[in-house]
Amino acid sequence: GAVVSQHPSRVICKSGTSVKIECRSLDFQATTMFWYRQFPKQSLMLMATSNEGSKATYEQGVEKDKFLINHASLTLSTLTVTSAHPEDSSFYICSARQPSGGIHNEQFFGPGTRLTVL
Amino acid sequence: AQKITQTQPGMFVQEKEAVTLDCTYDTSDPSYGLFWYKQPSSGEMIFLIYQGSYDQQNATEGRYSLNFQKARKSANLVISASQLGDSAMYFCAMTLNQAGTALIFGKGTTLSVSS
């Protein structure tokens with residue numbers, strides 16, 4: 001299957017700083033990428049849908065000014081957590097869907113980024 | 001809106017036994033896909049099996065099979081001959097067959113396999 005990478009895999013930062021997470025589709029072009037957040041022992045919650053060349057669509061309750069998403073190319077989407085606070089500590093996972101839907105409309109997941117805000 | 005329900009927070013099974021993880025879904029759209037993912041403690045999402053809403057046959061992938069009952073809107077995962085390495089969190093998810101739609105996940109079931 002297709003490969004999606006995420007960087008960094010783990011980051012620890014101080015409260016008030018900003019953190020950028022990169023999501024790359026390595027062997028296919030992804031017009032749409034998705035960002036999920038997962039708290040310990042909970043499900044993946046969709047944060048936003050990232051569309052190449054246009055503004056991201058945020059889910060209800062997700063602050064777009066806090067979680068900045070940029071999808072500047074067909075292979076890269078970035079999530080920036082601005083002015084991070086301890087409650088932003090979580091596991092962030094991106095996924096990408098091939099333009100044609102791929103086999104069975106499968107989405108390919110990155111390995112995730114574990115963010116800890118001190 | 002779509003919704004996925006997994007009612008089993010935790011399941012316990014012994015090695016070599018079969019186990020069924022429950023999943024029900026809700027959507028008014030006739031064209032959709034159902035997925036099961038495994039998430040070990042490392043956090044990676046491992047795709048297990050897929051069922052399309054128009055598929056006539058239940059999906060099977062090795063030791064995994066999906067018991068698709070469309071009228072009941074259920075898509076239970078059956079793992080045969082459980083192995084210790086099957087211990088993980090399992091998520092049922094669905095997406096509409098439209099470009100740009102995300103996967104919506106259930107709350108998950110933690111499976112523990114003992115020897």
Side-chain angles (χ1 to χ4, degrees), chain A residues 1-6 8-10 23 30-54 56-60 62 69 71 77 90-115, chain B residues 1-10 23 27 29 31-55 57 59-61 66 68 75 88-112:
Chain A
V3 179
V4 175
S5 70
Q6 231 177 294
S9 59
R10 186 181 295 267
C23 177
T31 54
T32 303
M33 290 185 173
F34 305 96
W35 287 95
Y36 294 85
R37 180 169 54 182
Q38 185 181 30
F39 293 109
K41 298 191 186 301
Q42 294 189 21
S43 186
L44 281 75
M45 298 302 296
L46 180 66
M47 299 176 66
T49 301
S50 170
N51 299 298
E52 188 267 336
S54 65
T57 303
Y58 291 82
E59 295 299 300
Q60 193 173 10
V62 178
I69 291 172
H71 194 154
S77 176
S90 188
F91 191 57
Y92 293 87
I93 310 176
C94 71
S95 72
R97 190 170 178 178
Q98 291 178 302
S100 62
I103 299 174
H104 306 317
N105 299 307
E106 184 179 354
Q107 288 184 22
F108 302 96
F109 285 87
T113 296
R114 198 167 299 280
L115 171 63
Chain B
Q2 296 74 48
K3 185 177 180 181
I4 293 282
T5 302
Q6 293 180 256
T7 58
Q8 306 157 313
C23 172
T27 181
D29 199 293
S31 183
Y32 52 87
L34 297 159
F35 299 79
W36 277 92
Y37 286 88
K38 172 184 177 181
Q39 187 182 43
S41 56
S42 62
E44 64 180 312
M45 296 294 286
I46 301 171
F47 166 74
L48 295 179
I49 197 166
Y50 166 86
Q51 181 84 42
S53 59
Y54 296 119
D55 292 344
Q57 304 281 343
T60 61
E61 290 285 351
L66 199 152
F68 182 46
M89 189 82 152
Y90 288 79
F91 291 101
C92 180
M94 76 176 295
T95 186
L96 299 181
N97 291 340
Q98 299 169 12
T101 55
L103 277 168
I104 303 300
F105 288 86
K107 290 187 175 182
T109 296
T110 300
L111 177 65
S112 300

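Chain identifiers are assigned alphabetically (A, B, ...) following the order of the sequence lines, protein sequences preceding nucleic acid strands; residue numbering begins at 1 within each chain.
Between B:E44 and A:I93 the shortest side-chain heavy-atom distance does not fall below 4.5 Å. Side-chain contact between B:F47 and A:F108: absent, with no pair of heavy atoms (C-beta onward) separated by less than 4.5 Å. Side-chain contact check for A:L44 versus B:M45: some heavy-atom pair is nearer than 4.5 Å. Contact check for A:R97 versus B:T101: side-chain heavy atoms found under the 4.5 Å cut-off.
When the heavy atoms of residues 32-39 of chain A are compared with those of chain B, the residues falling under 4.5 Å are A:T32, A:F34, A:Y36, A:Q38, listed by number.
For the set B:G43, B:G52, B:A102, B:G106, the entry with the most heavy-atom pairs within less than 4.5 Å of chain A is B:A102.
For a residue to count as touching a neighbouring chain, one of its non-hydrogen atoms must lie under 4.5 Å from one of that chain's; by this rule A:L46 touches chain B with the side chain only. Heavy-atom distances place the side chain of B:Q39, and not its backbone, under 4.5 Å from chain A.
Contact detail for A:S43 and B:F105: the closest heavy-atom pair is OG-CB, 3.4 Å.
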